Every structure is written in C-alpha cells, then in structure tokens.
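A short worksheet on the structure shown next.
Nothing here was measured: the structure is a model prediction, and the numbers come from that model. Worth knowing before you read on, the calculation uses all heavy atoms, side chains too, and leaves out hydrogens, waters and symmetry mates.
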Amino acid sequence: MLDGNYVTPVFWSPYIIGFIFGVSSTHQAYRNTVVAYVAVVLVLLATFREGAACMAMATPLLLPLCLAGTFSGRLTGGIVKSRRARKTSAVLVFLALGGWQAAAMALDDARTHPWHEVRAAIDVGTTPDGVFALLTDPRGLEIGGAWPKVLDVGLPIPERMVVQTPGENGLIRFDFNHGKVEAKIVAWRPGRLLSFSPARFELDDPPFFHTRLGDGPHRGLKTERVTDWLTFGVLSYEIEPREGGGSRLTRVTRFQRHLFPSFYFENLQTAVIEAGSKSLLEKLGRRLEPEKAVAARAFRAP
C-alpha cells in the first residue's frame with residue numbers, strides 16, 4: 001500500500017524490531033526494545049547513515065512504533081506458549097512486513113511524489129524596484145542574525161546570496177554555514193519576480209548532523225543524493241506594489257517530500273520550511289527598513 005505515493009511500509013521496520021523483542025523476551029521486553037532502538041540510532045549516527053537532527057525529528061514517530069511492536073509481541077507471546085512457536089511468529093512477521101517493505105521500495109518512483117508549496121509574505125515600505133535591487137545586488141546580499149531553534153540544529157543555514165550572472169538562465173550562488181548551492185535563474189522580471197531552481201549542492205555537514213541534502217561524497221555506507229528526503233523545485237520571490245506605497249514580498253517554496261508516512265512528516269517538514277521562510281523574509285525586511293520591526297506570515301497552498 002502507498003500513502004499518497006509515499007512508501008509507508010518502510011516505517012514498519014521499528015515495529016518489527018519491537019515485535020521480535022516482545023515475543024522473545026520474557027522479562028523487561030520494553031526496556032530491551034528501548035535499548036535496541038538507542039543502539040540502532042547510535043550506529044546510524046556513527047556510520048553517518050543519518051544525522052542527529054533527522055533522528056531527533058523522527059524519534060517521536062519511530063520509538064512509539066517500536067513499543068507498539070513490543071506490545072503486539074507480548075500479546076502474541078501470551079497466546080503462543082512454546083518457544084518454537086514464538087520464534088516462528090517472529091519470523092513470519094519479519095518476512096511479511098519485510099517483504100511488504102521490499103516490494104513497496106522496488107515499486108516506488110520518487111518522481112511521482114506529490115509537490116507541495118509554502119508561501120510566506122511580508123509588507124515593506126520600499127518600492128518594488130528597491131526590493132528587487134536588494135535581492136539582486138551584484139555585491140551580494142548578506143543574511144545575518146539568529147534563526148529559529150527548529151532550524152539551528154544542524155540544518156543548512158543560508159548566509160549570503162550572490163547573483164553571479166543576472167537575467168534568465170543566469171546563476172545565483174547561495175552560501176550556507178557549511179556549504180553552497182548554485183541555482184539557475186528561470187524568471188527575471190525587475191520589480192516583479194525572481195525565480196530560480198537549485199542545480200548543484202556542495203554541502204559539508206558537520207559530524208553527526210548531516211542532512212542528506214548533498215549530491216556529493218559517500219558517507220558511511222550510503223551515497224547521498226539531494227532527493228533522499230527532499231527535492232526543491234522552483235523557488236520564487238514575487239513582488240507586488242501596495243496601495244499607498246511600498247511592496248508586498250512573497251517567497252514561494254515548491255518541494256517534493258520523500259519522507260513518510262505523510263500524516264507525520266507532511267506537517268513536520270512543512271512547518272520547518274514555513275519557519276525558515278518567515279525568518280528569511282523578516283531578515284530581508286530589516287535590511288529594507290532597519291528602523292522598523294517587521295513580521296512575516298506563512299501560509300500553505302491548498
């Protein structure tokens with residue numbers, strides 16, 4: 001079964017682990033499950049298969065699934081008395097759910113995953129031409145200041161934006177706290193619209209905090225790709241004149257989410273992107289109007 005084209009069966013892995021401990025442990029099954037979960041997390045971090053931020057965000061989903069498996073295993077163990085029968089039930093659960101996962105992963109195509117859109121907007125007293133000039137300043141746009149705690153946990157933080165080649169089909173470079181991204185300009189309308197699409201990532205995440213957003217080096221046992229958990233599409237800055245003067249600056253972020261199940265990760269990942277978009281626009285607003293406190297608002301496209 002697919003959940004909105006996301007491969008939900010993969011997240012039954014923690015359930016399988018919990019079930020095995022539940023059906024095979026006569027004492028302290030829940031403690032053993034938690035210890036096993038912590039051990040798996042440490043191995044993933046040590047081999048750079050996952051980052052600390054990713055595991056922290058996933059644990060509220062994964063650990064309860066582990067414990068739910070333990071509960072099911074304990075119930076099964078209470079019904080199936082013999083040791084051999086309990087082992088057989090553990091093997092059957094492993095083969096059934098593991099086979100379901102393998103089939104789902106083999107049939108899944110990340111290119112078919114739905115697209116999502118987050119918009120954030122801010123009103124400033126600067127003219128549309130002035131806003132566009134700030135965004136496209138050939139000397140570069142510095143982005144400083146503190147970021148929301150939900151972002152400042154090992155995720156890439158933007159620091160500078162430089163238009164290297166202006167105009168459509170030109171290039172923009174984004175400098176992050178540990179890497180850079182090059183984007184191709186797909187729309188260039190002075191005073192109205194700046195759109196671009198990320199083309200190349202060079203991210204060097206700190207140890208234990210890698211975000212799987214790089215398309216470069218091998219880390220541990222896995223080749224990292226930008227499409228591992230998120231694919232950015234076209235990102236835009238839309239500028240509209242306001243009645244009475246000033247401008248409304250809207251940032252549009254389009255992305256594909258490859259994390260599942262959607263009931264958990266859709267809200268989590270969208271909330272992170274909303275927080276980043278709002279914070280970024282507020283920093284731009286302070287550059288445009290240093291004497292004013294400006295607040296951005298974010299909303300999701302239907």
Side-chain angles (χ1 to χ4, degrees), residues 116-164 166-167 170-183 185-198 230 232-255 267-302:
H116 305 274
E117 183 177 293
V118 169
R119 288 175 169 260
I122 192 168
D123 294 331
V124 295
T126 310
T127 65
D129 287 337
V131 174
F132 193 84
L134 176 74
L135 294 172
T136 60
D137 189 335
R139 297 168 298 180
L141 172 60
E142 300 287 344
I143 306 169
W147 288 81
K149 293 297 183 184
V150 70
L151 302 175
D152 197 13
V153 289
L155 298 176
I157 299 296
E159 296 179 338
R160 191 166 184 258
M161 169 181 170
V162 183
V163 175
Q164 296 179 313
L171 293 176
I172 301 177
R173 189 187 80 238
F174 296 90
D175 295 328
F176 288 79
N177 55 344
H178 41 78
K180 67 179 181 180
V181 175
E182 290 185 353
I185 299 173
V186 296
W188 177 280
R189 301 175 192 168
R192 294 177 55 196
L193 176 66
L194 174 64
S195 297
F196 48 89
S197 178
L230 176 71
F232 282 114
V234 175
L235 295 90
S236 301
Y237 286 102
E238 299 175 353
I239 309 168
E240 302 171 274
R242 297 174 60 210
E243 290 186 12
S247 308
R248 172 164 296 169
L249 175 61
T250 302
R251 176 182 167 90
V252 183
T253 303
R254 296 190 72 243
F255 66 97
N267 288 326
L268 175 62
Q269 197 162 2
T270 303
V272 170
I273 292 176
E274 285 179 346
S277 298
K278 288 174 59 178
S279 183
L280 179 58
L281 283 187
E282 288 168 359
K283 293 176 188 301
L284 295 178
R286 285 191 286 271
R287 290 292 304 273
L288 293 165
E289 299 181 288
E291 72 284 355
K292 292 180 61 177
V294 290
R297 58 193 182 282
F299 46 95
R300 306 177 189 186

Glu240/Arg242 ion pair, N-O < 4.0 Å: no
Residues Phe232, Phe196; criterion ring-ring contact (aromatic ring centres under 6.0 Å, His included); working and verdict: CA-CA 10 Å; Phe232 282 114; Phe196 48 89; 9.8 Å; no
Taking the side chain as every heavy atom from C-beta outward, state whether Pro198 and Leu235 have any pair of such atoms under 4.5 Å apart. yes
Any side chain to side chain donor-acceptor pair (under 3.5 Å) involving residues 132-148? Give me the pairs, sequence neighbours left out, ordered by first then second residue. Asp137-Arg139, Glu142-Arg160
Within-4.5 Å side-chain heavy-atom neighbours: Val252 and Thr250: yes
Between Ile172 and Met161, does the side chain to side chain contact (heavy atoms under 4.5 Å, CB included) criterion hold? Intermediate values first, please. CA-CA 7 Å; Ile172 301 177; Met161 169 181 170; 3.9 Å; yes
For Arg189, look at atom CZ and say whether over 12 heavy atoms of other residues, nucleotides or ligands are found less than 6.0 Å away. no
Rounded distance [0.5 Å steps], CZ in Arg251 versus CG in Leu284: 9.0 Å
The ring-ring contact (aromatic ring centres under 6.0 Å, His included) partners of Tyr237 (sequence neighbours excluded) come to none
To the nearest 0.5 Å, tell me how far His116 NE2 sits from Thr270 OG1. 6.5 Å
Just wondering, do Ile239 and Arg248 contact through their side chains at under 4.5 Å, heavy atoms? no
Leu249 vs Glu238 side-chain heavy atoms within contact, under 4.5 Å: no
Electrostatic pair Lys180:Asp175 at N-O distance under 4.0 angstrom: no
Is any side-chain heavy atom of Leu171 less than 4.5 Å from a side-chain heavy atom of Ile185? no
May I have the step-by-step check of side chain to side chain contact (heavy atoms under 4.5 Å, CB included) for Ser247 and Asp123, ending in yes or no? CA-CA 6 Å; Ser247 308; Asp123 294 331; over 6 Å; no
